[in-house]
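What follows is a set of notes on a single structure, which appears directly below.
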Amino acid sequence: MTLTAIISDIHGNEGALTAVLDDARDRGATQTWCLGDVVGYGARPLQCLQRLIDDNAAIIRGNHEQAVIDGPFGFNPLAAAAIHWTRGLLEDTPEHLAFVEGLGDRIDTETAVLVHGSPASPVDEYLFREETLDHLARGRDFSPKLARSFKLIDRPCFVGHTHVPGVIDAEMKWIEPPLNGDGYDTGGKPCIVNVGSVGQPRDGDVRASYALFDGRIVTFRRVDYDVAAAAAAIFNEPALPDALGQRLIEGW
Ligand code: ZN
């Protein structure tokens, strides 16, 4: 059975991407599916794009690719600064800009649905842990929002966007990623699997996050990489706010 590395939210972090792809290869993965946000925030967006193109990865569009194309509407000033800088780089290499413009927002494989945010709104919608039934924030019931997405899938769906890994099962409960090597068995049935972020984890664990998928079992992985070097690359780029490097060191 083919083992696939599913990665998301690389955000121009070339060291983290390399570490993840090495780890996946060492575990027997032979293909890569990328759920978007290859660019944005980080200092090596073109290198990350080129690596995934070279690897023949299946790639969909994230909200940061959308922002590079349309402008960073609704982005905070830190994220917007990185988008403007990235857009400038892409204009200098038109083949990369054309590649980003050509990305679709959903891929259905034989065993999975791939989107960046959610099935209901592939590029933009966040599906947070706090919206699942066992985390009823302030007594609000988010299940209609989740039900809307579950109606649009008939098999496991892989997402990124929140930068926090975990599973929302068909009961709309949140399942923390088992990191002891145990896999999560999807049974091939609808569920929403967030693979976390390769290049900017936001769950307090600074290691790169991704998942391996054999068509049924999801294995969550965390991988060490040189965080200080990725932060330094951002500090050394005057157009990128230093906070974008600092957050890599702090994991938010
Ligand atoms: Zn992202």
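Computed from a predicted structure; not experimentally measured. The basis for the numbers below is simple: all heavy atoms, side chains too, and nothing from hydrogens, waters or symmetry mates. Each ligand, and each atom within it, is numbered from 1 in the order the structure gives.
The aromatic rings of Y41 and H163 stand perpendicular to each other, their planes meeting at an angle above 60°, with 30° marking the opposite boundary.
Listed by chain and number, D9 OD1, H11 NE2, D37 OD2, H163 NE2 are the protein N/O/S atoms closer than 2.8 Å to the Zn ion (ligand 1), with waters left out.
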Ignoring hydrogens and angles, write down the donor-acceptor pairs under 3.5 Å from the side chains of residues 238-246, residues two or more places apart or on other chains.
{"residue": "Q246", "atom": "NE2", "partner": "E250", "partner atom": "OE2", "Å": "2.9"}

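E131 pairs with exactly one of K145, R140, K173, R148 by the salt bridge (Lys or Arg N to Asp or Glu O under 4.0 Å) rule, that one being K145.
Side-chain rings of F220 and Y184 stay apart, their centers remaining 6.0 Å or farther from each other.
Identified under the side-chain hydrogen bond (donor to acceptor under 3.5 Å, both in side chains) test for residues 74-88, with sequence neighbours left out: W85-E237, R87-E91.
Residues satisfying the side chain to side chain contact (heavy atoms under 4.5 Å, CB included) test with D70, not counting sequence neighbours, are Q66, F73.
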